[in-house]
Asks: 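The structure under discussion is supplied below as structure tokens; questions concerning it will follow.
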Amino acid sequence: MCDTCGCGSDGEAVLRKPGEGGGHCHASDHDHHHHHGASGTRKVEMEQDVLHENNLLAERNRGFFEAKRILTLNFLSSPGSGKTALLEKTIPLLKEMVPVAVIEGDQQTTSDADRIDALGVPVIQVNTGTGCHLDARMINRAVRELPLQDCSLLCIENVGNLVCPAMFDLGEAMKIVVISVTEGDDKPLKYPYMFHEADVCILNKTDLLPYVDFDASKCRENAMRVSHGLEWFELSVKTGEGVEEWVAWLEKRLPER
Ligand SMILES: Nc1nc2c(ncn2[C@@H]2O[C@H](COP(=O)(O)OP(=O)(O)OP(=O)(O)O)[C@@H](O)[C@H]2O)c(=O)[nH]1
Ligand SMILES: [Mg+2]
């Protein structure tokens with residue numbers, strides 16, 4: 001959570017089905033009242049309360065997913081690293097093996113949900129408005145709108161942001177952080193909380209490596225410094241290079257039917 005503005009903690013998220021539009025940002029959506037209290041103590045207490053409430057609901061979500069044997073993955077990254085592109089590549093390779101459903105998180109638009117809808121799997125869009133992350137309550141509401149089957153895969157694409165989403169447990173089994181080679185190999189050190197919380201890191205857009213100053217082994221080393229047990233994949237969604245290894249790894253973790 002942004003501890004300076006507390007964005008997203010006071011607004012109601014909007015759930016949308018693919019094609020329901022809402023493509024425009026209105027100035028009124030950004031009536032964003034900043035409560036910068038003079039007392040640092042109050043700010044910390046508020047943040048703890050919000051996270052405590054979120055954690056309780058996340059545990060309820062987790063219990064639901066475990067009881068139904070739904071493998072739930074939370075995909076996180078900065079905007080544009082390729083989360084939706086990765087889902088578009090991965091889902092067709094898995095959907096014959098296991099039922100797949102998707103929750104898409106964005107501030108506005110249903111464009112990502114429309115892309116997933118084209119794959120023929122159930123999807124719901126959560127528009128967070130001014131909020132910069134998904135939280136456990138939004139997931140709790142969204143799963144009620146989805147035809148979730150037992151022994152299935154649920155992919156959640158979080159709002160593009162390397163900061164706040166890391167703090168909000170959704171009840172997922174794993175956090176998967178996507179980073180692309182255009183972002184700089186120092187990102188794991190600059191956004192350590194995200195990489196520390198992640199179970200898996202996917203370095204995407206390796207097809208662009210010849211054109212950018214990005215040292216993939218240095219990036220991996222930086223990521224391992226903040227999270228020793230991180231699973232690491234390097235791939236290009238565009239060319240398909242490296243995708244097989246990632247999908248094979250995920251396949252082994254799918255619930256047996
Ligand atoms: N060259 C190259 N471009 C890619 C690759 N993967 C994704 N892209 C492009 O990167 C851009 C962003 O991809 P998205 O999948 O929309 O990224 P995202 O992380 O879902 O973005 P947000 O939902 O806005 O946070 C698109 O123009 C993709 O075509 C890749 O492997 N190589
Ligand atoms: Mg996306």
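Every number for a ligand or one of its atoms is a count from 1 in the order of the listing.
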Asks: Of the protein's non-hydrogen atoms, which lies at the shortest distance from atom 6 (N) of ligand 1, and what is that distance?
Replies: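 Protein heavy atom at minimum distance: N204 ND2, 3.1 Å.
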Asks: Taking both backbone and side chain into account, is any N, O or S atom of E104 nearer than 2.8 Å to the Mg ion (ligand 2)?
Replies: no
Asks: Write out the residue and atom name of the closest protein heavy atom to atom 21 (O) of ligand 1, then the distance separating them to 0.1 Å.
Replies: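 Ranking protein heavy atoms by distance from atom 21 (O) of ligand 1, first comes G80 N, 3.0 Å.
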Asks: Of all the atoms in ligand 1, which lie at a distance below 4.0 Å from a heavy atom belonging to E157?
Replies: 20 (O), 23 (O)
Asks: I'd like to know: is the Mg ion (ligand 2) within the 2.8 Å range of an N/O/S atom from D112, strictly under that distance?
Replies: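 True for D112.
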Asks: What I want to find out is whether R62 reaches E59 closely enough, with some N-O distance under 4.0 Å, to be called a salt bridge.
Replies: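 Yes.
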Asks: Under a 4.0 angstrom heavy-atom cut-off, which atoms of ligand 1 come close to L208?
Replies: 1 (N)
Asks: Suppose we measure from atom 31 (O) of ligand 1 to each protein heavy atom; which comes out shortest, and what is that distance?
Replies: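 I find the closest protein heavy atom is V237 N, 3.0 Å.
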Asks: Which of the numbered atoms in ligand 1 are under 4.0 angstrom from any heavy atom belonging to D207?
Replies: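 Near D207, meaning under 4.0 Å from one of its heavy atoms, ligand 1 has 1 (N), 2 (C), 30 (C), 31 (O), 32 (N).
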Asks: Let me confirm one number: the CG-CZ distance from L146 to R144, rounded to the nearest 0.5 Å.
Replies: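 Rounded to the nearest 0.5 Å, the CG-CZ separation comes out at 12.0 Å.
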Asks: Using a strict 4.0 Å cut-off to heavy atoms of P79, name the atoms of ligand 1 that fall inside it.
Replies: 25 (O)
Asks: Any N/O/S atom, backbone or side chain, of S111 lying under 2.8 Å from the Mg ion (ligand 2)?
Replies: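 No, outside the cut-off.
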Asks: Against heavy atoms of S77, which atoms of ligand 1 measure under 4.0 Å?
Replies: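 Answer, ordered by atom number: 19 (O).
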Asks: So which protein heavy atom does atom 25 (O) of ligand 1 come closest to, and at what separation?
Replies: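 The closest one turns out to be K83 NZ, 2.6 Å.
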Asks: Counting each atom of ligand 1 from 1 as listed, which ones have a heavy atom of S236 under 4.0 Å away?
Replies: 31 (O)
Asks: Please examine the side chains of F214 and L209, heavy atoms only from C-beta on, and report whether any two atoms are closer than 4.5 Å.
Replies: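 Side-chain contact under 4.5 Å: yes.
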Asks: Does atom 29 (O) of ligand 1 have a protein non-hydrogen atom under 4.0 Å from it?
Replies: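 No, there is no protein heavy atom closer to it than 4.0 Å.
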Asks: In terms of atom number and element, which parts of ligand 1 are under 4.0 angstrom from non-hydrogen atoms of D112?
Replies: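 In order of numbering, the contacting atoms are 23 (O).
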